[in-house]
Amino acid sequence: HFFWMHLRVQFLGLLAMFGVSMAPKERVRRGSILFALAMLAALALVPLIGHETNGAKRWLDLGVRFQPSEFLKPAYAVALGWILSLRARDPNLPVIPLASALMARNQPENAAYMLRQALDVDPEYVSAWIGLGNALQGMRKYDDALTSFEHARTLQPDNPLTCYDVGVLYFTIGKPSLAERSFRQALALRHDYADAWNALGRIYRVESRDHEAIDAFKLGFANRTLGL
């Protein structure tokens, strides 16, 4: 029974795939946006009328049981790609805030996809390289994250944020000496960088360098108080 059911679903999926691949680009774009909106509306209904399975409420049963989040993914990718392509005409498109919102919702894969689309349009978009590094770090792809940060540093060597993010990465993967060096580089570029001082304080605390930790935290607090 399940074999034939899966076979039918796969056949329908192949038909849909070939149909979409042969459709005009403009129609696919419009259809994806409408479909994404419909699935977002369906997602909003899940907490209200969703079907519960194994203690999780992720499905809708409208005669046919389906999971809106799974149907949203392909439409979301196409719609997002179209939105990002607009940056070629409007450099002020808020790519980084949108990606940051996705990261805040624990969706680093979607954030990385968005940022890669932006970089396809503008390979010298420094903030997108930094954001991509953070997204890849959230996905635990540390080598790829470091490569992204290095791209950003090559394009803008005097940006302390890049050094700081590299330091956070090294600290995350258990390399405090490299992390300390990166935070020091950030502070060499901007001595009043409160986050970098606090990060140094955390390293010193872990290494039982208590006096240095206190001094670093004091500088971090002082600069944070001053709004720096």
Side-chain angles (χ1 to χ4, degrees), residues 29 32-33 36 40 69 72-176 178-190 192-200 202-203 220 223-224 227-228:
R29 177 178 65 79
S32 295
I33 293 170
L40 283 171
S69 60
L72 175 62
K73 289 177 182 178
Y76 177 86
V78 175
L80 191 59
W82 167 69
I83 292 171
L84 289 172
S85 70
L86 296 177
R87 193 172 187 277
R89 286 175 283 176
D90 183 6
N92 296 316
L93 187 72
V95 171
I96 300 304
L98 289 172
S100 299
L102 289 172
M103 288 288 289
R105 291 174 58 86
N106 295 316
Q107 297 181 27
E109 294 86 357
N110 290 334
Y113 174 83
M114 170 185 283
L115 291 162
R116 283 193 175 105
Q117 292 289 321
L119 288 167
D120 285 342
V121 176
D122 182 2
E124 297 186 358
Y125 191 6
V126 174
S127 295
W129 281 115
I130 295 173
L132 179 59
N134 286 313
L136 291 168
Q137 185 174 339
M139 297 161 64
R140 299 185 180 182
K141 295 184 177 181
Y142 299 119
D143 289 340
D144 292 338
L146 186 58
T147 300
S148 294
F149 290 139
E150 290 301 333
H151 274 296
R153 184 144 51 183
T154 299
L155 291 168
Q156 199 174 72
D158 59 346
N159 188 344
L161 176 59
T162 310
C163 299
Y164 172 81
D165 284 336
V166 171
V168 172
L169 187 153
Y170 280 133
F171 188 71
T172 300
I173 61 178
K175 295 184 177 181
L178 292 176
E180 180 181 354
R181 185 179 69 181
S182 296
F183 293 137
R184 288 286 182 191
Q185 289 171 344
L187 289 166
L189 293 168
R190 180 181 168 188
D192 55 16
Y193 197 165
D195 287 337
W197 281 117
N198 289 327
L200 274 178
R202 288 192 292 272
I203 291 175
N223 289 312
R224 182 81 70 191
L228 299 171

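Residue numbers start at 1 and run along the sequence shown. Model, not experiment: these values are computed from the prediction.
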So OH of Tyr164 and CZ of Arg190: to nearest 0.5 Å the spacing works out to 11.5 Å
For Gly131 and Leu115, the nearest pair of non-hydrogen atoms, with its separation, is C-CD1, 3.3 Å
Here the pair of heavy atoms bringing Pro157 nearest to Leu189 is O-CD1, 3.9 Å
Applied to residues 135-157, the ring-ring contact (aromatic ring centres under 6.0 Å, His included) test, sequence neighbours excluded, yields Trp129-His151
Heavy-atom closest pair (Gly220 atom, Asn198 atom, distance to 0.1 Å) is CA-OD1, 3.5 Å
From the list Ile173, Val168, Asp165, side chain to side chain contact (heavy atoms under 4.5 Å, CB included) partner of Gln137 resolves to Val168
### Query
Hey, mind stepping through Leu200 and Arg184 against side-chain contact (heavy atoms from CB on, under 4.5 Å) and telling me if it holds?
CA-CA 8 Å; Leu200 274 178; Arg184 288 286 182 191; 3.9 Å; yes
Are there more than 12 heavy atoms of other residues, nucleotides or ligands under 6.0 Å from atom CD of Glu124? no
Separation between NZ (Lys141) and OG (Ser148), nearest 0.5 Å, reads 11.0 Å
What one should report as the nearest heavy-atom pair of Pro108 and Ala135 is CB-O, 3.5 Å
When every non-hydrogen atom of Val166 is compared with those of Ser182, the smallest separation belongs to CG1-OG, 3.5 Å
For Ala186 and Ala196 the tightest heavy-atom approach is CB-CB, 4.4 Å
If you count heavy atoms of other groups shown closer than 6.0 angstrom to CG of Asp158, is the number above 12?
yes
Please assess Tyr193 against Leu161 for the test side-chain contact (heavy atoms from CB on, under 4.5 Å), listing each intermediate value before the final yes or no. CA-CA 9 Å; Tyr193 197 165; Leu161 176 59; 3.5 Å; yes
Fill in: Check against side-chain contact (heavy atoms from CB on, under 4.5 Å), Asn159 and Arg153
CA-CA 7 Å; Asn159 188 344; Arg153 184 144 51 183; over 6 Å; no
